[in-house]
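Following: one structure in structure tokens, then a few remarks.
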Amino acid sequence: MGDEIKRSDFIREIIAEHNRTGRFGGRVQTRFPPEPNGYLHLGHPRAICINFGIADEYGGICNLRMDDTNPTKEDVEYVEAIAEDIRWLGFHWGDHILYASDYFDALYDYAERLIELGKAYVDDLSPEEVREYRGTLTEPGRNSPYRDRSVEENLDLFRRMRAGEFDEGARTLRAKIDMASPNIVMRDPIIYRIMKVPHHRTGDKWCIYPMYDFAHCLSDSLEGVTHSLCSLEFENNRELYDWFLDQLDVHHPQQIEFAKLEFNYTVLSKRRLRRLVAEGYVTGWDDPRMPTLAGLRRRGYTPESIRNLIEMVGISKANSQVDIAMLEHAVRDDLNQRSPRVMGVLDPLKVVITNYPEGQTEELEAVNNPQDASAGTRRVPFSRELYIEREDFMEEPPKKYYRLSPGAEVRLRYAYLVTCTDVVKDPTTGEILEVHCTYDPATRGGDAPDGRKVRGTLHWVSAPHAIEAEARLYDRLFNVEDPYQGEDFVDNLNPSSLEVRPCYVEPSLAGVGAGYRCQFERLGYFCVDPDSTPERLVFNRTITLRDSWAKIQGR
RNA sequence: UGAGGGAUCGUCCAAUGGUAGGAUACCUGACUCUGAAUCAGAUGAUCGGGGUUCGAAUCCCUGUCCCUCAGCCA
């Protein structure tokens with residue numbers, strides 16, 4: 001699927017150049033390093049596709065490595081969820097998930113080595129003092145008074161840090177670089193801090209934990225990663241990434257940064273996503289309105305559609321805000337190819353075919369997928385009483401309305417041409433209760449033998465045969481392009497992002513299970529929710545079909 | 001105003017000194033047993049100012065705007 005299309009971008013060009021010059025002996029190995037502190041969301045597939053995709057293209061491997069160096073923020077709960085999302089997207093890693101914490105022993109040894117090299121020292125400054133000494137963006141920092149301790153003293157102190165002799169925050173191990181560096185990252189960055197907190201994997205073995213900058217580059221190095229592909233905010237950290245590896249004289253991967261993806265009408269920050277869940281604006285991390293991969297999956301998005309989107313959007317170093325319409329196009333495009341068609345009515349209006357024999361039923365043949373002949377056909381029951389969509393009838397139709405109206409003839413898809421003869425209304429409210437039509441028996445299947453043209457084709461279900469189900473109609477979670485605008489982003493929540501309503505679907509749907517995807521003709525793509533029971537199906541609307549009539553109406 | 005990055009159709013991405021192209025969105029039309037899909041067409045951009053060059057989105061100078069960094073987060 002699209003594999004023959006030659007992808008190229010600045011990262012692949014750099015790697016191709018490395019391979020030309022033999023920088024890594026032609027080997028390409030990457031890694032995807034999520035911190036297990038939240039669910040994967042729409043911002044992640046780009047990094048996933050780049051790292052796993054590139055490794056794959058070059059016949060290399062991509063490790064899934066949990067970046068778990070801060071036990072106060074991370075939890076095993078997220079590990080399996082992250083792994084499942086990546087698997088769902090269709091990517092594979094080696095035998096098992098890797099963890100930065102797997103390297104805590106090696107990392108500790110590297111830290112001692114740095115001390116021995118005179119490139120690291122134990123600092124007694126308090127967190128506040130560290131901040132003061134660091135200087136500012138425009139002023140250089142000052143050296144810590146503890147900066148020039150002897151190697152022996154540093155080693156002793158560091159070992160005692162490890163042994164738990166000091167309180168949290170009392171001391172840190174810092175790299176000895178340059179407190180006047182114009183790059184603040186290089187002003188003697190902290191590499192180990194004391195945290196008397198058990199770790200979800202190493203238990204209480206450690207009370208000191210390495211910082212990201214130290215752990216990350218060395219984890220990459222230890223694994224033999226060749227290309228460490230990460231997002232733009234780590235550009236400033238690359239100098240430090242390189243510094244550690246140079247000092248320690250170990251295998252040195254190349255870090256390359258690319259821009260993260262953002263989407264309009266969408267919020268992706270973990271903090272805000274967490275708030276939506278915590279404050280009950282959505283039902284959970286996998287609420288089908290959430291931009292999490294779990295939410296999109298439940299909503300009915302396919303992994304292929306997400307991967308196609310990533311390919312469509314490309315890669316660059318410019319911050320970008322992708323139009324969510326691109327995502328919507330990607331799902332429609334994929335679902336159009338693969339979804340079986342089915343008829344369902346969301347807002348029923350009863351139709352009585354007055355000249356159709358009472359009690360008669362017949363089965364009509366319907367095409368399962370016009371995009372895919374191999375999907376075959378099915379039989380759909382037809383009878384005297386049907387339901388059609390309420391908006392498919394208008395007593396006083398506007399111009400260009402070619403659905404049902406008094407005197408008008410339309411086609412009931414795969415069934416008959418019918419003409420509206422009567423409208424039955426509630427005498428007090430004026431509400432339309434039912435519509436009476438006559439059918440033309442000569443048009444069975446939907447074709448007129450005399451060749452007369454009928455513009456409108458409606459979907460329908462046979463009232464006595466229909467299955468009653470629940471439809472969950474989703475719309476964008478936010479109704480403004482930039483949900484961050486204004487005082488509080490929750491003010492921009494779309495109050496009608498979910499509408500739950502009963503619906504009628506054709507009987508062929510009986511027995512389909514959670515995750516089943518289909519198109520309700522003329523309405524959109526739907527996916528069976530895990531909340532479904534054999535007694536009551538629940539359909540999530542993944543996305544509507546494009547609707548140019550609605551567009552005309554809107555003007 | 002220190003350092004590191006970035007600026008091309010509304011949006012996203014190409015063009016690597018030689019016709020600014022594709023995707024998406026929007027608009028027209030054709031086709032249609034889904035007002036879907038498909039097909040055809042239109043609209044629409046090089047951040048500003050200088051310079052080099054036969055020729056500049058690309059190279060040089062200059063200005064502007066945007067992003068990231070002052071966690072013992074990642």
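Just so it is clear: chains get the letters A, B, ... in the order the sequence lines come, proteins before strands, and each one is counted from 1. Since the model is a prediction, treat every value here as computed from it, not as a measurement.
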For a quick test of reading the model, state the closest non-hydrogen atom pair linking [X] to [Y] and the distance between them.
{"X": "S269(A)", "Y": "Y484(A)", "value": "N-OH, 4.1 Å"}
{"X": "H41(A)", "Y": "L273(A)", "value": "CD2-CD2, 3.9 Å"}
{"X": "G169(A)", "Y": "P127(A)", "value": "O-CD, 3.8 Å"}

Distance between [atom1] atoms of [N] and [M] (Å, rounded):
{"N": "A36(B)", "M": "G29(B)", "atom1": "P", "value": "13 Å"}
{"N": "A25(B)", "M": "A37(B)", "atom1": "P", "value": "9 Å"}
{"N": "C9(B)", "M": "A14(B)", "atom1": "P", "value": "13 Å"}
{"N": "A45(B)", "M": "U24(B)", "atom1": "C1'", "value": "15 Å"}
{"N": "A74(B)", "M": "U8(B)", "atom1": "C1'", "value": "33 Å"}
{"N": "C60(B)", "M": "U52(B)", "atom1": "P", "value": "15 Å"}
{"N": "C59(B)", "M": "A23(B)", "atom1": "C1'", "value": "30 Å"}
{"N": "A20(B)", "M": "G55(B)", "atom1": "C1'", "value": "14 Å"}

Within the structure shown, what part of the strands sits under 4.0 Å from [X] by heavy-atom distance: base, sugar-phosphate, or nothing?
{"X": "N236(A)", "result": "base"}
{"X": "E521(A)", "result": "base"}
{"X": "L261(A)", "result": "nothing"}
{"X": "T136(A)", "result": "base"}
{"X": "E13(A)", "result": "base"}
{"X": "F234(A)", "result": "base"}
{"X": "R341(A)", "result": "base"}
{"X": "Q519(A)", "result": "base"}
{"X": "N37(A)", "result": "nothing"}
{"X": "D447(A)", "result": "base"}
{"X": "Y133(A)", "result": "nothing"}
{"X": "T544(A)", "result": "nothing"}
{"X": "M326(A)", "result": "base"}
{"X": "K400(A)", "result": "base"}

Find which nucleotide of RNA chain B each of Y212(A) and V313(A) is nearest to by heavy atoms, and output the residue with the more 5' nucleotide.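 Going by which nucleotide is closer to the 5' end, it is V313(A).
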By nearest nucleotide on RNA chain B, pick out whichever of K317(A) and A550(A) is the more 5' one.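 The residue mapped nearer the 5' terminus is K317(A).
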Output yes when at least one side-chain N/O atom of [X] is less than 4.0 Å from OP1 or OP2 of [N], else no.
{"X": "T457(A)", "N": "U34(B)", "value": "no"}
{"X": "S316(A)", "N": "G6(B)", "value": "no"}
{"X": "N183(A)", "N": "G4(B)", "value": "no"}
{"X": "H459(A)", "N": "U34(B)", "value": "no"}
{"X": "R134(A)", "N": "C72(B)", "value": "yes"}
{"X": "R546(A)", "N": "U24(B)", "value": "no"}
{"X": "R238(A)", "N": "G4(B)", "value": "no"}
{"X": "K551(A)", "N": "G35(B)", "value": "no"}
{"X": "S181(A)", "N": "A3(B)", "value": "no"}
{"X": "R187(A)", "N": "A3(B)", "value": "no"}

Note: R522(A)-D392(A) ion pair, threshold 4.0 Å (strictly below):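 Yes.
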Checking contacts here: which listed nucleotide (C13(B), C69(B), A37(B)) is nearest the side-chain heavy atoms of L137(A)?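 In terms of side-chain proximity for L137(A), the closest of C13(B), C69(B), A37(B) is C69(B).
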Between U32(B) and R411(A), counting only base atoms on the nucleotide and side-chain atoms on the residue, is there a donor-acceptor pair under 3.5 Å?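 Absent.
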Between the base of U24(B) and the side chain of D323(A), is there a donor and acceptor pair under 3.5 angstrom?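 Check fails, no donor-acceptor contact within cut-off.
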Apply salt bridge (Lys or Arg N to Asp or Glu O under 4.0 Å) to residues E235(A) and K317(A) and explain how you reach the verdict. CA-CA 11 Å; E235(A) 269 178 322; K317(A) 295 194 72 161; 2.8 Å; yes
W206(A) and Y108(A) aromatic ring geometry - parallel, tilted or perpendicular at 30°/60° bounds: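 Geometry flag for W206(A) against Y108(A): tilted rings.
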State, without any angle test, whether Q519(A) and Y525(A) hold a side-chain donor-acceptor pair at a distance under 3.5 Å.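 A pair is found: one side chain offers a donor N or O, the other an acceptor, under 3.5 Å apart.
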Please give the nucleotide sitting opposite [N] as a Watson-Crick or G-U wobble pair, both distances under 3.5 Å, or none.
{"N": "A3(B)", "value": "U68(B)"}
{"N": "C39(B)", "value": "G29(B)"}
{"N": "A23(B)", "value": "U11(B)"}

Among R147(A), R134(A), K119(A), K176(A), exactly one meets salt bridge (charged side-chain N to carboxylate O under 4.0 Å, His left out) together with D188(A). Which residue is that?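 When salt bridge (charged side-chain N to carboxylate O under 4.0 Å, His left out) is applied between D188(A) and each of R147(A), R134(A), K119(A), K176(A), only R147(A) qualifies.
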Between P of U11(B) and CE of M312(A), the distance in whole Å: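 So the CE-P distance, M312(A) to U11(B), works out to 17 Å.
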